[in-house]
Amino acid sequence: MEEKMRVMTERPLNAETPVEHLRSWITANAVFFARNQGEIPTEPISLEQWELVVEGEVERHLRVTFGELLRMPKAIAANTLECSGNGRALLAEKASGNPWTIGGVGNAVWGGVWLRDLLGKAGLTERARHVAFEGFDKPLGSAGVQFIRSIPLEKAVESTLLAYEMNGEPLPLKHGFPLRALALGWTGANCVKWLRKITVLDRPFSGFFMDKVYRVFQKGHDPTPGGVVTGLKLKSIITQPSKGDTLSGGPVTVLGAAYAGEGDVAMVEVSVDGGGTWSPASFIGPHESFSWRQWQFLWEPGQPGDYTIMARATDSHGRQQPMNAQWTVLGYGNNGIREHGITVHVR
Ligand SMILES: Nc1nc2c(c(=O)[nH]1)N[C@H]1C(S)=C(S)[C@@H](COP(=O)(O)O)O[C@H]1N2
Ligand SMILES: [Mo]
């Protein structure tokens, strides 16, 4: 299974989905990207042993068993999950972190329970403002701290799923068995795997994975005052042809995907002349909230030579993907049109 992936580091496991597996609306579990700060548990925890603690600014502390979760109303939601660092390796100026190209993203249908239903059982105090999630993966490296992240209460109550199922299968071990958080439309860092504790807080959680990373900041600045990564940015990727392909005339089927996190992709256009002219692509397949849309464009290349194919997404508010990404120290959220362009040779 792993040989199909582009493995960047083994320990912790960081691996991206190969481009040919990004050409369908559902990304198969076996090739779904893996991003880890700590060590993936070697064995799945026994469901009899596992329990989820809910505490903090709640009226009643809860210890929820897996059986109790299964008896709660089931929710299903499609969601495109992307690592904040996806696309980092395509930035013109190097940024530190794993060298993701376009495969740090995938789309799945997740099954579980709404976090709001669980918080409803616990009851919130008047001071409740943020919800922190803690995973039980073993920390690796010098930081040696548990992966804990918090999100604002509004997001937690509105559109956050606690998922125990991925594409109709029990949540795979790698992806957080038995339960993970999914702040729908938000970057992977807000989607804690191997959940064991949820703490309602009166302010954002403060700790290594909140304050030092997943922050947007410039050189010479501290991470902490920088913004926290939240929603996925409007972006399109080209999944066919591949960079450097030699094509013998047309028509060429250009394939891609476009996504906008909590937003809605309304249009994708393609340019093969450096952005001088744009032609609309057509969408294929499902159109669901929080999920990418697959698109295609039939291209009739003219004269032989080198062409750069670029794709541009527009959302339902008329906002366009930027021509170039905004550079930051940790290279998060690269959604530049140029950065994602593909140069091919036409014979
Ligand atoms: N417990 C835990 N949850 C975690 C992480 C982690 O290291 N530990 N990494 C986060 C990051 S940065 C991303 S992008 C997603 C990746 O999810 P995946 O490996 O299921 O694709 O998980 C998030 N949840
Ligand atoms: Mo991530």
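Residues: numbered from 1 along the sequence shown. Quick caveat: nothing in here was measured; it's all calculated off a predicted structure. We count ligands from 1, going down the list as the structure has it; atoms in each ligand are counted the same way.
With salt bridges taken as basic N to acidic carboxylate O contacts below 4.0 Å, one links K74 and E165.
Counting only residues at least two apart or on different chains, the ring-ring contact (aromatic ring centres under 6.0 Å, His included) pairs with a member in residues 80-105 are F33-W100. Residues in residues 217-273 take part in no ring-ring contact (aromatic ring centres under 6.0 Å, His included) pair, two or more places apart or across chains.
With a 4.5 Å cut-off on side-chain heavy atoms, I309 and P241 count as touching.
Under the side-chain hydrogen bond (donor to acceptor under 3.5 Å, both in side chains) criterion, D306 pairs with H345, not counting sequence neighbours.
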Where does ligand 1 get N/O contacts under 3.5 Å from the protein, atom by atom?
| from | atom 1 | to | atom 2 | distance (Å) |
| --- | --- | --- | --- | --- |
| ligand 1 | 1 (N) | D137 | OD1 | 2.9 |
| ligand 1 | 1 (N) | D137 | OD2 | 3.3 |
| ligand 1 | 1 (N) | K193 | O | 3.1 |
| ligand 1 | 3 (N) | K193 | N | 2.9 |
| ligand 1 | 7 (O) | Q37 | N | 2.7 |
| ligand 1 | 8 (N) | D137 | OD2 | 2.7 |
| ligand 1 | 17 (O) | R180 | NH2 | 3.1 |
| ligand 1 | 19 (O) | R35 | N | 3.0 |
| ligand 1 | 19 (O) | K193 | NZ | 2.5 |
| ligand 1 | 20 (O) | H175 | ND1 | 2.6 |
| ligand 1 | 20 (O) | R180 | NH1 | 2.7 |
| ligand 1 | 21 (O) | F33 | O | 2.6 |
| ligand 1 | 22 (O) | R180 | NH2 | 3.4 |
| ligand 1 | 24 (N) | C191 | O | 3.0 |

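Atom CZ of R203 has 12 or fewer heavy atoms from other residues, nucleotides or ligands within 6.0 Å.
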